[in-house]
2 protein chains.
Amino acid sequence: MQKEFTIGQAAETSGVKVTTIRYYESVGLMPEPRRVESGRRVYGQASVDLLGFIRHARDLGFTVEAIRDLIDLQENPGTDCAKADELARHHLVETQKRIEQLRVLESELMRMIDGCAGGKVGSCEIVTSLFDHSKCLSDHKSKALKEQ
Amino acid sequence: MQKEFTIGQAAETSGVKVTTIRYYESVGLMPEPRRVESGRRVYGQASVDLLGFIRHARDLGFTVEAIRDLIDLQENPGTDCAKADELARHHLVETQKRIEQLRVLESELMRMIDGCAGGKVGSCEIVTSLFDHSKCLSDHKSKALKEQ
DNA sequence: CTTGCTTCTACAGTCGCTGTAGAAATTAGA
DNA sequence: TCTAATTTCTACAGCGACTGTAGAAGCAAG
């Protein structure tokens with residue numbers, strides 16, 4: 001007995017919002033589901049599992065594009081997994097870069113906050129350091145940061 | 001002798017792209033500049049400094065909204081800097097949360113990659129773990145992640 | 001039978017830009 | 001001085017990954 005789900009139940013079960021499910025369908029991440037006579041979508045267990053997969057991958061920060069690739073792979077279990085490996089490695093590198101950038105920001109923010117003695121803005125490190133550093137620090141740094 | 005800049009020179013000097021400068025003007029982050037007869041924008045040193053300020057703050061991950069507040073503060077050096085402190089602290093907390101999330105992702109990605117023996121997708125950890133974990137791990141985790 | 005929830009479609013809005021088109025102004029080179 | 005290349009102008013569309021809106025229709029419970 002195949003369990004069936006309305007879009008709301010699929011959303012509840014998978015943790016992907018109703019509107020987001022429809023969005024995934026519209027961009028081709030989810031296949032078009034069967035409809036009941038009135039036009040409402042009906043999902044099976046496989047679709048709900050797929051939604052869980054998508055959600056987990058999104059939580060991991062994979063783009064919709066990358067997830068499309070992962071789904072393709074998953075649908076052809078015979079192909080070799082070099083592509084999946086590449087996707088994951090690429091994503092790991094990006095994640096590590098991002099962590100590194102955020103760490104720089106973290107320490108700069110901490111420095112700014114420490115420097116704020118609670119007086120007037122005119123002498124506030126938080127404001128003035130943004131101005132001062134905008135002249136010297138920016139260059140090499142923002143190059144790195146611009147890569148997102 | 002006040003130096004004057006075309007939008008292109010202001011862009012070059014501040015590191016903010018021409019189109020982005022116009023965008024900042026359109027959203028009210030930059031004041032409307034003086035124009036020459038033909039309608040082209042002319043900037044003074046103060047505007048270029050402000051662009052540098054904005055860029056640095058954006059590099060630090062402050063939203064345009066937060067930067068608007070910071071500019072207001074900076075223009076009233078007499079007010080006390082509790083607001084700047086609050087903005088910076090709030091932003092620090094967000095940054096630290098984000099680092100923590102990314103670290104979780106990093107370790108999961110590393111685990112996935114380690115588990116990939118280079119065989120076929122059917123037995124590839126990278127793909128299967130996305131499916132398996134989508135059922136159990138998701139809940140408490142994505143709550144945290146959804147906060148961005 | 002009514003009330004209130006869910007679902008439907010289609011489209012606009014979010015954020016922080018980036019890119020496009022087509023016109024006018026300016027600059028650099030021959 | 002003429003021409004060609006570059007810069008600037010405005011106005012608007014597009015990006016990613018959704019979220020929210022409006023208005024209509026379906027459906028379940030009291």
Side-chain angles (χ1 to χ4, degrees), chain A residues 4-30 32-43 47-48 51 53-71 91 94 98 101 105 142 145-148, chain B residues 4-30 32-43 47 51 53-71 91 94 98 101 142 145-148:
Chain A
E4 303 208 322
F5 301 81
T6 65
I7 196 170
Q9 290 162 343
E12 177 106 351
T13 310
S14 68
V16 178
K17 289 186 189 167
V18 169
T19 44
T20 307
I21 294 175
R22 286 195 285 248
Y23 166 73
Y24 287 155
E25 185 185 326
S26 78
V27 297
L29 253 200
M30 287 294 291
E32 293 192 14
R34 197 162 64 73
R35 305 278 187 134
V36 292
E37 214 170 348
S38 68
R40 299 185 166 203
R41 293 166 176 82
V42 193
Y43 297 93
S47 297
V48 174
L51 282 169
F53 175 94
I54 294 169
R55 180 160 93 113
H56 189 49
R58 284 293 301 134
D59 283 349
L60 283 169
F62 284 96
T63 62
V64 164
E65 252 323 284
I67 295 172
R68 220 188 297 273
D69 289 349
L70 288 168
I71 290 172
H91 191 54
E94 293 301 305
R98 190 78 186 119
Q101 290 163 15
L105 308 190
S142 72
L145 289 164
K146 279 291 138 75
E147 297 163 16
Q148 160 76 242
Chain B
E4 303 209 321
F5 301 81
T6 65
I7 196 170
Q9 291 162 343
E12 177 108 350
T13 311
S14 68
V16 178
K17 289 185 188 166
V18 169
T19 45
T20 307
I21 294 174
R22 286 196 284 249
Y23 167 72
Y24 287 155
E25 184 185 326
S26 79
V27 297
L29 255 199
M30 288 293 293
E32 292 190 15
R34 197 162 63 73
R35 305 278 186 134
V36 292
E37 212 170 350
S38 68
R40 298 182 167 206
R41 294 166 176 83
V42 192
Y43 297 93
S47 297
L51 282 169
F53 175 95
I54 293 170
R55 182 160 91 114
H56 188 51
R58 284 292 302 134
D59 284 349
L60 282 169
F62 285 96
T63 62
V64 165
E65 252 322 284
I67 295 171
R68 219 187 297 274
D69 289 348
L70 288 168
I71 291 172
H91 191 54
E94 293 302 305
R98 189 77 188 119
Q101 290 162 15
S142 73
L145 289 163
K146 281 290 138 76
E147 295 165 18
Q148 157 75 244

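Below, chain A is the first sequence line, B the second, and so on; all start at residue 1.
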**Study point:** 5' precedence on DNA chain C between B/V36 and B/V64 (nearest-nucleotide basis)
**Key:** B/V64
Point to revise | Any donor-acceptor pair under 3.5 Å from B/H91 side chain to B/L60 backbone | key: yes
**Study point:** Atom-to-atom span, CD of B/E25 to C1' of C/dG16 - whole angstrom
**Key:** 16 Å
Review point. Does A/R58 use its side chain to pair, donor to acceptor, with the backbone of A/I67 at less than 3.5 Å?
Key: no
Study note, to complete from the structure: B/Y24 atom OH is separated from C/dT18 atom P, nearest whole Å, by 8 Å
Review point. Which parts of nucleotides 5-15 of chain D does protein reach within less than 4.0 Å, heavy atoms only, written one letter per nucleotide 5' to 3' as B for base, S for sugar-phosphate only and - for none?
Key: --BSSB-----
Point to revise | Steps toward side-chain contact (heavy atoms from CB on, under 4.5 Å) verdict (A/I71, A/I54) | key: CA-CA 9 Å; A/I71 290 172; A/I54 294 169; 4.1 Å; yes
Review point. Once you round it to whole Å, what is the distance between P of D/dA17 and CD1 of A/I54?
Key: 12 Å
Review point. How long is the line joining CD of A/E37 and P of D/dG26, in whole Å?
Key: 11 Å
Exercise for review: Please state how far atom OH in A/Y23 lies from atom C1' in C/dG13, giving the value in whole angstrom units.
Suggested key: 14 Å
Point to revise | Side-chain donor or acceptor of A/R55 paired with backbone N/O of A/S14 under 3.5 Å | key: yes
Check your understanding: A/R55 CZ to D/dC18 C1': how many Å, rounded?
Key -> 15 Å
Practice item. Report yes if at least one side-chain N or O of A/K17 is closer than 4.0 Å to OP1 or OP2 of D/dT19; otherwise report no. Key: yes
Exercise for review: Using a strict 4.0 Å threshold on nitrogen-to-oxygen distance, state whether A/R22 and A/E25 make a salt bridge.
Suggested key: no
Point to revise | Audit row: A/S47, A/M30, side-chain contact (heavy atoms from CB on, under 4.5 Å) steps and yes/no | key: CA-CA 8 Å; A/S47 297; A/M30 287 294 291; 4.1 Å; yes
